[in-house]
Amino acid sequence: FTLPFELRENYEELVDIIVEEERAKSQVELQLFLRATVLSSVPIMPDDVAVDYWEQFLRTREKLHGPNPALDSLAYGWLGQLFSQPPPPGSPAFFPSNRSRSRMRNAPEAQRLLEEAVNLDEENLSASLSLCEVYQERRLHSNRNRLLDRMTARFPAEKKVLMLAGQACLERKAYKRGLDYLAQALMLDRLDPAIPDNLVKARLLQAREY
């Protein structure tokens with residue numbers, strides 16, 4: 001990662017050949033090469049290759065060092081979050097002929113990776129928040145609501161979680177419950193203008209329902 005651009009390209013090509021042709025001298029070298037390849041080239045790698053290399057890296061790491069669900073969760077969450085972002089210019093998914101209607105690079109694969117991250121470690125808040133965005137993007141509202149219910153139980157003092165849960169309750173017309181979440185968020189942060197704005201919105205919606 002500190003090499004000049006041309007030398008780095010040559011080194012990446014060599015590493016890629018060693019991985020593809022299974023010429024690594026040891027499992028340790030294979031683990032390091034797989035990790036370096038994905039970290040350096042994931043913006044331009046085909047999604048299936050990036051996932052294959054990343055999961056192979058994790059399997060090799062587990063053979064060497066034993067199971068580590070928390071680390072695996074962070075690794076799956078990192079790649080899932082990349083796939084939930086817009087594709088970078090120059091990547092295969094960036095070009096119009098390859099684009100789906102989703103604004104995300106690969107929403108289905110992002111969902112799979114993030115679900116794996118959350119299953120491995122439910123304390124992985126970052127992966128849970130990203131998974132909420134993917135569910136919203138894919139209009140999987142039931143999945144999103146169930147996830148938010150688990151998150152509010154596990155992270156009762158996280159403002160972002162309470163705000164998302166409150167907004168989701170407003171969308172499904174559960175105004176009383178939404179107001180409770182927003183009130184808890186206000187207790188955590190009285191300076192965020194979005195919280196009183198949402199409280200007013202919730203009161204108006206509740207008033208219209210009555």
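We count residues from 1, following the sequence as given. No hydrogens, no waters, no symmetry mates; every other heavy atom, side chains included, goes into these values. Every value quoted in this text rests on a predicted model; they were computed, and no experiment measured them.
- Under a hydrophobic clustering in which Ile, Leu, Val, Met, Phe, Trp and Tyr are joined whenever their side-chain heavy atoms come within less than 4.5 Å, directly or via other members, Leu3 and Phe33 fall into the same cluster.
- The two atoms that bring Leu148 and Ala168 nearest to each other are CD1-CB, 3.6 Å, heavy atoms only.
- Side-chain N/O atoms of Gln111 and Glu115 include a donor and acceptor closer than 3.5 Å.
- The backbone N or O of Ala36 sits less than 3.5 Å from a side-chain atom of Ser40, completing a donor-acceptor pair.
- In summary, Glu133 and Lys160 do not engage in a salt bridge, as defined by a charged side-chain N under 4.0 Å from a carboxylate O.
- Two residues are said to be in side-chain contact when any heavy atoms from C-beta on lie closer than 4.5 Å; Gln85 and Met104 fail this criterion.
- In the hydrophobic clustering of ILVMFWY residues, with side-chain heavy atoms under 4.5 Å counting as a link, Leu30 and Tyr11 come out together.
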Chi angles and distances behind the side chain to side chain contact (heavy atoms under 4.5 Å, CB included) call for Tyr175, Leu170: CA-CA 5 Å; Tyr175 302 130; Leu170 299 189; 3.9 Å; yes
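- The shortest distance between side-chain heavy atoms of Ile195 and Lys159 falls below 4.5 Å.
- Contact annotation: the side chain of Met151 approaches that of Cys132 to within less than 4.5 Å [non-hydrogen atoms, C-beta and beyond].
- Looking at Glu12 and Arg8, a side-chain N of the basic residue comes within less than 4.0 Å of a carboxylate O on the acidic one, giving a salt bridge.
- Proximity of Leu79 to Glu109: side-chain heavy atoms (C-beta onward) are nowhere separated by under 4.5 Å.
- Note that the CD atom of Glu62 and the CG atom of Asp72 stand 6.5 Å from one another [nearest 0.5 Å].
- Under the 4.5 Å side-chain criterion, counting only non-hydrogen atoms from C-beta, Arg203 is not in contact with Leu199.
- Minimum heavy-atom separation, Ser84 to Val134: CB-CG2, 3.8 Å.
- Grouping the Ile, Leu, Val, Met, Phe, Trp and Tyr side chains by contacts below 4.5 angstrom, directly or via other members, places Leu71 apart from Leu32.
- With rounding to the nearest 0.5 Å, the separation of SG in Cys169 from CG in Asp149 is 7.5 Å.
- The side-chain heavy atoms of Phe83 and Asp47, taken from C-beta on, include a pair separated by under 4.5 Å.
- A salt bridge between Glu21 and Arg23 is present, with a side-chain N of the basic residue lying under 4.0 Å from a carboxylate O of the acidic one.
- By the rule that hydrophobic residues join a cluster once side-chain heavy atoms approach within less than 4.5 Å of another member, Leu39 and Leu7 end up as members of one cluster.
- Between Ala24 and Ile18 the shortest heavy-atom distance is N-CG2, 3.6 Å.
- A side-chain N or O of Gln81 and one of Ser126 form a donor-acceptor pair less than 3.5 Å apart.
- Annotation: side chain of Pro108 is in contact with side chain of Arg138 (closest heavy-atom distance under 4.5 Å).
- Between atom CG of residue Asn124 and atom CZ of residue Arg154 there is a gap of 11.5 Å, rounded to the nearest 0.5 Å.
- The two atoms that bring Leu58 and Ala75 nearest to each other are CD2-CB, 3.7 Å, heavy atoms only.
- When the shell of 6.0 Å around CZ of Arg35 is examined, it contains 12 or fewer heavy atoms from other residues, nucleotides or ligands.
- The closest donor-acceptor contact from the side chain of Arg172 to the backbone of Asn145 lies at 3.5 Å or more, if one exists at all.
- Residues Gln31 and Arg61 have side chains that never bring a donor and an acceptor to within less than 3.5 angstrom of each other.
- Nearest approach of Leu114 to Gly77, heavy atoms of both residues: CD2-O, 3.8 Å.
- Under the 4.0 Å criterion applied to side-chain N and carboxylate O atoms, Lys176 and Asp180 are assigned as salt-bridge partners.
- Considering Val161, Val118, Leu164 as possible partners of Ser128, the one that fulfils the side chain to side chain contact (heavy atoms under 4.5 Å, CB included) test is Val118.
- Leu129 and Leu188 sit in two unconnected hydrophobic clusters of ILVMFWY residues. Membership requires side-chain heavy atoms under 4.5 Å apart, directly or through other members.
- Test Leu113, Asn119, Asp121 against Tyr76 for side chain to side chain contact (heavy atoms under 4.5 Å, CB included) and you get one pass: Leu113.
- Atoms OG1 and CD, on Thr37 and Gln56 in that order, are 10.0 Å from each other to the nearest 0.5 Å.
- Trp78 pairs by the ring pair (Phe, Tyr, Trp, His ring centres under 6.0 Å) definition with Trp54, not counting sequence neighbours.
- Panel note: side chain Ser130, backbone Ala127; no donor-acceptor pair is recorded below 3.5 Å.
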Residue pair Asp48, Asp52: steps toward the side chain to side chain contact (heavy atoms under 4.5 Å, CB included) verdict: CA-CA 6 Å; Asp48 58 339; Asp52 179 55; over 6 Å; no
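- Residues Asp16 and Tyr53 have side chains that bring a donor and an acceptor to within less than 3.5 angstrom of each other.
- Atom CD of Glu171 and atom CZ of Arg144 lie 5.0 Å apart (nearest 0.5 Å).
- The closest donor-acceptor contact from the side chain of Glu29 to the backbone of Lys25 lies under 3.5 Å.
- Distance check: Leu140 CG to Leu131 CG gives 9.5 Å after rounding to the nearest 0.5 Å.
- Comment: Lys173 does not engage Glu209 in a salt bridge, judged by the lack of any side-chain N to carboxylate O separation of less than 4.0 angstrom.
- Looking only at side-chain heavy atoms (C-beta outward), Leu182 and Leu186 stay at 4.5 Å or farther from each other.
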